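Below is one structure; the comments refer to it alone.
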Number of protein chains: 2
Amino acid sequence: MLVDAIAQLSFLVQNSLAEIAGDYDLSLIQTRLLGVLRDREPTMNELGRHLGLDKSSTTGLVSRAQGRGLVARTVSEVDRRVVRVSITDVGRDLVKQVGERFTERIGELVADLPDTERQEFSRLAGRVVLADMHRHGLDPGGAAG
Amino acid sequence: MLVDAIAQLSFLVQNSLAEIAGDYDLSLIQTRLLGVLRDREPTMNELGRHLGLDKSSTTGLVSRAQGRGLVARTVSEVDRRVVRVSITDVGRDLVKQVGERFTERIGELVADLPDTERQEFSRLAGRVVLADMHRHGLDPGGAAG
DNA sequence: TATTGTTATACTCTATAACTATA
DNA sequence: TATAGTTATAGAGTATAACAATA
(Lines give C-alpha, C1' and ligand atoms only; values in the text may rest on other atoms or scores of the structure.)
Protein backbone atom coordinates (compact mmCIF):
# COMPACT_ATOMS: atom_id res chain seq x y z
CA MET A 1 0.00 0.00 0.00
CA LEU A 2 1.18 3.49 -0.84
CA VAL A 3 1.08 4.96 2.64
CA ASP A 4 2.91 2.02 4.17
CA ALA A 5 5.64 2.07 1.56
CA ILE A 6 6.28 5.78 1.87
CA ALA A 7 6.05 5.78 5.66
CA GLN A 8 8.41 2.85 6.01
CA LEU A 9 10.83 4.35 3.55
CA SER A 10 10.90 7.56 5.55
CA PHE A 11 11.61 5.65 8.75
CA LEU A 12 14.34 3.74 6.97
CA VAL A 13 16.01 6.92 5.78
CA GLN A 14 15.67 8.72 9.11
CA ASN A 15 16.99 5.76 11.05
CA SER A 16 19.95 5.52 8.70
CA LEU A 17 20.77 9.16 9.19
CA ALA A 18 20.35 8.93 12.95
CA GLU A 19 22.61 5.91 13.08
CA ILE A 20 25.36 7.52 11.03
CA ALA A 21 25.13 10.78 12.97
CA GLY A 22 25.29 8.76 16.18
CA ASP A 23 28.68 7.41 15.13
CA TYR A 24 29.91 10.99 15.45
CA ASP A 25 27.98 11.61 18.67
CA LEU A 26 25.55 13.83 16.82
CA SER A 27 21.79 13.79 17.25
CA LEU A 28 19.50 14.38 14.28
CA ILE A 29 18.83 17.95 15.36
CA GLN A 30 22.52 18.70 15.90
CA THR A 31 23.17 17.33 12.42
CA ARG A 32 20.43 19.49 10.96
CA LEU A 33 21.90 22.48 12.79
CA LEU A 34 25.30 21.91 11.20
CA GLY A 35 23.64 21.24 7.85
CA VAL A 36 21.83 24.56 7.95
CA LEU A 37 25.01 26.41 8.92
CA ARG A 38 27.05 25.01 6.05
CA ASP A 39 26.00 27.83 3.76
CA ARG A 40 24.42 30.38 6.12
CA GLU A 41 25.31 32.52 9.12
CA PRO A 42 21.84 33.19 10.52
CA THR A 43 20.76 35.09 13.60
CA MET A 44 19.41 33.00 16.49
CA ASN A 45 15.97 34.11 15.41
CA GLU A 46 16.37 32.98 11.81
CA LEU A 47 17.98 29.75 12.92
CA GLY A 48 15.07 28.92 15.17
CA ARG A 49 12.63 29.51 12.34
CA HIS A 50 14.69 27.30 10.03
CA LEU A 51 14.66 24.47 12.51
CA GLY A 52 11.13 25.02 13.72
CA LEU A 53 12.27 25.57 17.30
CA ASP A 54 11.39 28.01 20.07
CA LYS A 55 14.06 30.61 20.73
CA SER A 56 14.91 29.07 24.09
CA SER A 57 15.36 25.66 22.46
CA THR A 58 17.62 27.24 19.88
CA THR A 59 19.70 28.84 22.60
CA GLY A 60 20.25 25.46 24.24
CA LEU A 61 20.95 23.65 20.99
CA VAL A 62 23.53 26.21 19.92
CA SER A 63 25.10 26.31 23.38
CA ARG A 64 25.66 22.56 23.44
CA ALA A 65 27.14 22.62 19.93
CA GLN A 66 29.31 25.58 20.90
CA GLY A 67 30.49 23.70 23.98
CA ARG A 68 31.78 21.01 21.63
CA GLY A 69 33.46 23.57 19.39
CA LEU A 70 31.18 22.89 16.44
CA VAL A 71 29.65 26.37 16.10
CA ALA A 72 30.44 29.92 17.22
CA ARG A 73 28.40 32.94 18.32
CA THR A 74 29.11 36.49 17.13
CA VAL A 75 27.34 39.55 18.45
CA SER A 76 26.19 41.78 15.59
CA GLU A 77 27.94 45.15 15.34
CA VAL A 78 24.93 46.95 13.93
CA ASP A 79 22.41 45.72 16.50
CA ARG A 80 24.02 44.50 19.69
CA ARG A 81 20.94 42.47 20.61
CA VAL A 82 21.47 40.20 17.63
CA VAL A 83 23.65 37.06 17.73
CA ARG A 84 24.84 35.35 14.56
CA VAL A 85 25.71 31.67 14.54
CA SER A 86 28.43 30.20 12.33
CA ILE A 87 29.93 26.76 11.85
CA THR A 88 33.56 26.12 12.85
CA ASP A 89 36.08 24.15 10.81
CA VAL A 90 35.62 21.22 13.17
CA GLY A 91 31.85 21.35 12.72
CA ARG A 92 32.17 21.64 8.97
CA ASP A 93 34.46 18.65 8.81
CA LEU A 94 32.07 16.62 10.94
CA VAL A 95 28.96 17.38 8.92
CA LYS A 96 30.90 16.68 5.74
CA GLN A 97 31.72 13.19 6.95
CA VAL A 98 28.14 12.54 8.00
CA GLY A 99 26.89 13.80 4.66
CA GLU A 100 29.24 11.57 2.72
CA ARG A 101 28.30 8.47 4.64
CA PHE A 102 24.62 9.35 4.36
CA THR A 103 24.98 9.64 0.59
CA GLU A 104 26.66 6.24 0.52
CA ARG A 105 23.89 4.73 2.58
CA ILE A 106 21.12 6.08 0.38
CA GLY A 107 23.04 4.70 -2.56
CA GLU A 108 23.03 1.27 -0.92
CA LEU A 109 19.31 1.50 -0.25
CA VAL A 110 18.48 2.02 -3.91
CA ALA A 111 21.33 -0.14 -5.20
CA ASP A 112 18.97 -2.93 -6.22
CA LEU A 113 16.97 -0.70 -8.54
CA PRO A 114 18.03 -0.67 -12.19
CA ASP A 115 19.37 2.70 -13.35
CA THR A 116 16.16 3.68 -15.13
CA GLU A 117 13.98 3.00 -12.12
CA ARG A 118 16.38 4.68 -9.76
CA GLN A 119 16.23 7.83 -11.86
CA GLU A 120 12.48 7.59 -12.06
CA PHE A 121 12.24 7.21 -8.31
CA SER A 122 14.47 10.21 -7.72
CA ARG A 123 12.43 12.27 -10.18
CA LEU A 124 9.15 11.38 -8.50
CA ALA A 125 10.45 12.01 -5.00
CA GLY A 126 11.76 15.37 -6.11
CA ARG A 127 8.45 16.21 -7.67
CA VAL A 128 6.52 15.41 -4.49
CA VAL A 129 8.88 17.57 -2.44
CA LEU A 130 8.65 20.40 -4.96
CA ALA A 131 4.87 20.27 -5.03
CA ASP A 132 4.77 20.51 -1.25
CA MET A 133 7.12 23.50 -1.22
CA HIS A 134 4.91 25.27 -3.72
CA ARG A 135 1.85 24.38 -1.68
CA HIS A 136 3.43 26.18 1.26
CA GLY A 137 5.80 29.10 1.27
CA LEU A 138 8.81 27.73 -0.64
CA ASP A 139 12.38 27.55 0.83
CA PRO A 140 14.48 24.47 0.04
CA GLY A 141 15.43 23.97 3.72
CA GLY A 142 18.67 22.41 4.84
CA ALA A 143 18.69 18.88 6.19
CA ALA A 144 21.91 16.89 6.01
CA GLY A 145 21.92 15.91 2.38
CA MET B 1 19.90 14.88 -6.89
CA LEU B 2 18.76 11.49 -5.64
CA VAL B 3 20.00 11.78 -2.08
CA ASP B 4 18.49 15.22 -1.60
CA ALA B 5 15.12 14.18 -2.97
CA ILE B 6 14.86 11.08 -0.82
CA ALA B 7 16.18 12.81 2.28
CA GLN B 8 13.83 15.74 1.92
CA LEU B 9 10.90 13.46 1.25
CA SER B 10 11.66 11.53 4.41
CA PHE B 11 11.78 14.75 6.43
CA LEU B 12 8.52 15.83 4.87
CA VAL B 13 6.81 12.59 5.81
CA GLN B 14 8.25 12.49 9.32
CA ASN B 15 7.32 16.10 9.99
CA SER B 16 3.80 15.45 8.77
CA LEU B 17 3.44 12.49 11.08
CA ALA B 18 4.94 14.35 14.03
CA GLU B 19 2.58 17.25 13.45
CA ILE B 20 -0.51 15.08 13.27
CA ALA B 21 0.54 13.03 16.29
CA GLY B 22 1.18 16.26 18.15
CA ASP B 23 -2.46 17.22 17.69
CA TYR B 24 -3.23 14.24 19.94
CA ASP B 25 -0.38 15.01 22.34
CA LEU B 26 1.54 12.05 21.03
CA SER B 27 5.26 12.04 20.23
CA LEU B 28 6.60 10.04 17.29
CA ILE B 29 7.86 7.30 19.57
CA GLN B 30 4.55 7.09 21.48
CA THR B 31 2.78 6.82 18.13
CA ARG B 32 5.14 4.07 17.02
CA LEU B 33 4.55 2.30 20.33
CA LEU B 34 0.79 2.32 19.79
CA GLY B 35 1.29 1.31 16.14
CA VAL B 36 3.31 -1.73 17.14
CA LEU B 37 0.74 -2.74 19.75
CA ARG B 38 -2.19 -2.63 17.32
CA ASP B 39 -1.62 -6.23 16.31
CA ARG B 40 0.78 -7.56 18.93
CA GLU B 41 1.02 -8.09 22.67
CA PRO B 42 4.78 -8.29 23.08
CA THR B 43 6.91 -8.69 26.17
CA MET B 44 8.88 -5.62 27.28
CA ASN B 45 11.91 -7.31 25.81
CA GLU B 46 10.35 -7.87 22.40
CA LEU B 47 8.90 -4.38 22.41
CA GLY B 48 12.28 -2.82 23.06
CA ARG B 49 13.77 -4.75 20.19
CA HIS B 50 10.94 -3.67 17.89
CA LEU B 51 11.46 -0.03 18.72
CA GLY B 52 15.23 -0.21 18.90
CA LEU B 53 15.27 0.95 22.51
CA ASP B 54 17.16 -0.07 25.61
CA LYS B 55 15.05 -1.97 28.14
CA SER B 56 15.16 0.94 30.58
CA SER B 57 13.94 3.32 27.89
CA THR B 58 11.15 0.90 27.07
CA THR B 59 10.12 0.81 30.73
CA GLY B 60 9.81 4.59 30.81
CA LEU B 61 8.01 4.82 27.48
CA VAL B 62 5.45 2.22 28.48
CA SER B 63 5.01 3.74 31.94
CA ARG B 64 4.18 7.17 30.52
CA ALA B 65 1.73 5.66 28.03
CA GLN B 66 0.21 3.56 30.81
CA GLY B 67 -0.15 6.67 32.94
CA ARG B 68 -2.30 8.12 30.17
CA GLY B 69 -4.35 4.95 29.93
CA LEU B 70 -3.13 4.11 26.43
CA VAL B 71 -1.51 0.76 27.21
CA ALA B 72 -1.60 -1.87 29.95
CA ARG B 73 0.91 -4.21 31.58
CA THR B 74 0.16 -7.87 32.35
CA VAL B 75 2.52 -10.16 34.26
CA SER B 76 2.91 -13.48 32.45
CA GLU B 77 1.45 -16.50 34.22
CA VAL B 78 4.03 -18.93 32.86
CA ASP B 79 7.10 -16.86 33.70
CA ARG B 80 6.47 -14.27 36.37
CA ARG B 81 9.51 -12.24 35.33
CA VAL B 82 7.89 -11.45 31.99
CA VAL B 83 5.59 -8.47 31.40
CA ARG B 84 3.34 -8.26 28.36
CA VAL B 85 2.22 -4.91 26.99
CA SER B 86 -1.16 -4.41 25.34
CA ILE B 87 -3.02 -1.45 23.88
CA THR B 88 -6.21 -0.21 25.56
CA ASP B 89 -9.38 0.80 23.73
CA VAL B 90 -8.47 4.44 24.30
CA GLY B 91 -5.02 3.88 22.83
CA ARG B 92 -6.44 1.98 19.88
CA ASP B 93 -8.90 4.73 19.12
CA LEU B 94 -6.16 7.34 19.31
CA VAL B 95 -3.75 5.56 16.97
CA LYS B 96 -6.61 4.88 14.58
CA GLN B 97 -7.33 8.60 14.28
CA VAL B 98 -3.65 9.42 13.81
CA GLY B 99 -3.37 6.70 11.18
CA GLU B 100 -6.34 7.98 9.24
CA ARG B 101 -5.13 11.54 9.19
CA PHE B 102 -1.64 10.37 8.26
CA THR B 103 -3.06 8.44 5.32
CA GLU B 104 -4.94 11.54 4.20
CA ARG B 105 -1.81 13.64 4.44
CA ILE B 106 0.28 11.24 2.40
CA GLY B 107 -2.51 11.26 -0.14
CA GLU B 108 -2.27 15.03 -0.33
CA LEU B 109 1.48 14.88 -0.76
CA VAL B 110 1.26 12.68 -3.84
CA ALA B 111 -1.99 14.22 -5.09
CA ASP B 112 -0.23 16.07 -7.90
CA LEU B 113 1.16 12.90 -9.43
CA PRO B 114 -0.90 11.30 -12.19
CA ASP B 115 -2.26 7.87 -11.25
CA THR B 116 0.33 5.97 -13.22
CA GLU B 117 3.23 7.78 -11.63
CA ARG B 118 1.75 7.52 -8.17
CA GLN B 119 1.52 3.76 -8.55
CA GLU B 120 5.03 3.61 -9.92
CA PHE B 121 6.29 5.66 -7.00
CA SER B 122 4.57 3.41 -4.49
CA ARG B 123 5.94 0.33 -6.19
CA LEU B 124 9.50 1.65 -6.17
CA ALA B 125 9.32 2.78 -2.54
CA GLY B 126 7.97 -0.63 -1.55
CA ARG B 127 10.75 -2.30 -3.45
CA VAL B 128 13.46 -0.29 -1.69
CA VAL B 129 11.96 -1.11 1.70
CA LEU B 130 11.65 -4.78 0.80
CA ALA B 131 15.22 -4.96 -0.43
CA ASP B 132 16.44 -3.47 2.83
CA MET B 133 14.44 -5.93 4.91
CA HIS B 134 15.95 -8.80 2.96
CA ARG B 135 19.39 -7.31 3.37
CA HIS B 136 18.89 -7.45 7.13
CA GLY B 137 16.82 -9.85 9.15
CA LEU B 138 13.30 -9.32 7.76
CA ASP B 139 10.30 -8.23 9.92
CA PRO B 140 7.81 -5.72 8.49
CA GLY B 141 8.02 -3.43 11.54
CA GLY B 142 5.16 -1.23 12.69
CA ALA B 143 5.19 2.50 12.08
CA ALA B 144 1.88 4.31 12.06
CA GLY B 145 0.61 3.40 8.65
C1' DT C 1 23.85 -18.09 37.85
C1' DA C 2 21.19 -16.14 34.11
C1' DT C 3 17.26 -13.51 32.58
C1' DT C 4 13.45 -10.00 32.86
C1' DG C 5 12.24 -5.86 34.11
C1' DT C 6 12.65 -1.60 37.16
C1' DT C 7 15.11 2.13 39.45
C1' DA C 8 18.72 5.68 39.96
C1' DT C 9 21.13 8.88 37.52
C1' DA C 10 22.62 11.87 33.89
C1' DC C 11 22.22 14.09 29.62
C1' DT C 12 19.78 15.92 25.31
C1' DC C 13 15.88 18.12 23.58
C1' DT C 14 11.82 20.83 23.93
C1' DA C 15 8.48 24.50 25.52
C1' DT C 16 6.64 28.27 28.67
C1' DA C 17 7.48 32.09 31.42
C1' DA C 18 10.39 35.42 33.41
C1' DC C 19 14.33 38.03 32.76
C1' DT C 20 18.34 41.15 30.67
C1' DA C 21 20.17 44.06 27.33
C1' DT C 22 19.56 46.85 23.51
C1' DA C 23 16.83 49.54 20.42
C1' DT D 1 7.75 49.96 24.79
C1' DA D 2 9.28 46.40 21.64
C1' DT D 3 12.68 43.07 20.19
C1' DA D 4 16.66 39.58 20.58
C1' DG D 5 18.36 36.41 23.22
C1' DT D 6 19.19 33.95 27.79
C1' DT D 7 17.88 31.75 32.06
C1' DA D 8 14.84 29.06 35.14
C1' DT D 9 12.08 25.36 35.24
C1' DA D 10 9.62 21.26 33.93
C1' DG D 11 8.87 17.23 31.36
C1' DA D 12 9.75 13.60 27.54
C1' DG D 13 13.04 10.56 25.81
C1' DT D 14 17.33 8.08 25.90
C1' DA D 15 21.31 5.20 27.81
C1' DT D 16 24.36 3.04 31.48
C1' DA D 17 24.74 0.85 35.69
C1' DA D 18 22.93 -1.09 39.74
C1' DC D 19 19.21 -3.58 41.56
C1' DA D 20 15.10 -7.02 42.60
C1' DA D 21 12.50 -10.92 41.44
C1' DT D 22 12.13 -15.08 39.19
C1' DA D 23 13.92 -18.95 36.75
Side-chain angles (χ1 to χ4, degrees), chain A residues 11 14-15 17-19 21-36 41-86 91 94 144, chain B residues 11 14-15 17-19 21-36 41-86 94:
Chain A
F11 275 105
Q14 296 281 313
N15 289 344
L17 181 52
E19 194 180 304
D23 287 347
Y24 299 90
D25 271 311
L26 289 174
S27 65
L28 270 185
I29 188 63
Q30 289 282 346
T31 305
R32 281 188 66 204
L33 168 65
L34 298 183
V36 165
E41 196 164 324
T43 67
M44 292 294 289
N45 217 338
E46 293 163 348
L47 184 56
R49 251 181 291 128
H50 255 296
L51 299 173
L53 293 177
D54 183 85
K55 56 186 180 172
S56 65
S57 306
T58 311
T59 291
L61 187 68
V62 167
S63 293
R64 287 186 295 275
Q66 189 177 19
R68 289 177 59 180
L70 306 179
V71 308
R73 277 177 165 94
T74 315
V75 173
S76 166
E77 308 254 325
V78 282
D79 184 341
R80 306 259 307 266
R81 294 174 301 183
V82 170
V83 172
R84 289 200 170 271
V85 185
S86 56
L94 209 53
Chain B
F11 276 105
Q14 295 280 312
N15 290 345
L17 182 52
E19 196 180 302
D23 288 346
Y24 300 89
D25 271 313
L26 289 174
S27 65
L28 270 184
I29 186 65
Q30 290 282 348
T31 305
R32 282 187 66 205
L33 168 65
L34 298 182
V36 165
E41 196 164 324
T43 67
M44 293 292 290
N45 218 336
E46 292 163 349
L47 184 56
R49 251 181 291 126
H50 255 297
L51 298 173
L53 293 177
D54 184 85
K55 56 186 180 173
S56 66
S57 307
T58 311
T59 291
L61 187 68
V62 167
S63 293
R64 287 186 295 274
Q66 188 177 17
R68 291 177 58 180
L70 307 179
V71 308
R73 279 178 164 92
T74 315
V75 173
S76 166
E77 308 253 326
V78 282
D79 184 340
R80 308 258 308 265
R81 294 172 301 181
V82 170
V83 173
R84 288 200 171 272
V85 185
S86 56
L94 209 54

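Hydrogens, waters and symmetry mates are skipped; everything else that's a heavy atom, side chains included, is used. Below, chains carry the letters A, B, ... as their sequence lines are ordered, and counting in each starts from 1. As the structure is a computational prediction, the values presented were derived from the model and not from experiment.
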Inset, instruction - Please name the pair of heavy atoms, one in Gln14(A) and one in Leu28(A), separated by the smallest distance, quoted to 0.1 Å. - result: OE1-CD1, 3.7 Å

Legend entry - Atom pair NZ/CG of Lys55(A) and Leu47(A) - distance to nearest 0.5 Å: 14.5 Å

Inset, instruction - Any chance you could measure Asn45(A), atom CG, to Arg81(A), atom CZ, to the nearest 0.5 Å? - result: 10.5 Å

Legend entry - Bending between helix ends of the helix from dT1(C)-dA23(D) to dA23(C)-dT1(D) [5 pairs per end, 10° resolution]: 20°

Legend entry - Atom pair CZ/CG of Arg32(B) and Leu17(B) - distance to nearest 0.5 Å: 10.0 Å

Inset, instruction - For Arg84(B), report the nucleic acid contact type (base, sugar-phosphate, nothing); a contact means any heavy atom under 4.0 Å. - result: nothing

Inset, instruction - Under 4.0 Å between any heavy atoms, over every strand shown, what does Ser63(A) touch: base, sugar-phosphate, or nothing? Just pick one. - result: nothing

Inset, instruction - Could you tell me from which nucleotide to which nucleotide of DNA chain C, 5' to 3', there is an atom under 4.0 Å from chain B heavy atoms? - result: dA2(C) to dT7(C)

Inset, instruction - First locate atom CG of Leu33(B), then atom NE2 of His50(B), and finally report the distance between them rounded to the nearest 0.5 Å. - result: 11.5 Å

Legend entry - Residues which pass side chain to side chain contact (heavy atoms under 4.5 Å, CB included) with Ser57(B), listed by chain and number, not counting sequence neighbours: Leu53(B), Asp54(B)

Inset, instruction - Report the residues that fulfil side chain to side chain donor-acceptor pair (under 3.5 Å) with Asp23(B), sequence neighbours left out, ordered by chain and then residue number. - result: Arg101(B)

Inset, instruction - Mind checking the CG-CZ spacing from Leu94(A) to Arg68(A)? Nearest 0.5 Å is all I need. - result: 6.5 Å

Inset, instruction - Any chance you could list the contact pattern along nucleotides 13-23 of chain D? Use B for base contacts, S for sugar-phosphate-only contacts and - for none, protein heavy atoms under 4.0 Å, 5' to 3'. - result: BSBBB---BBS

Legend entry - Those residues that, when tested against Gln66(B), pass side chain to side chain contact (heavy atoms under 4.5 Å, CB included) (two or more places apart): Val71(B), Arg73(B)

Inset, instruction - Hey, could you give me the OG1/CD distance between Thr58(A) and Glu46(A), rounded to the nearest 0.5 Å? - result: 11.5 Å

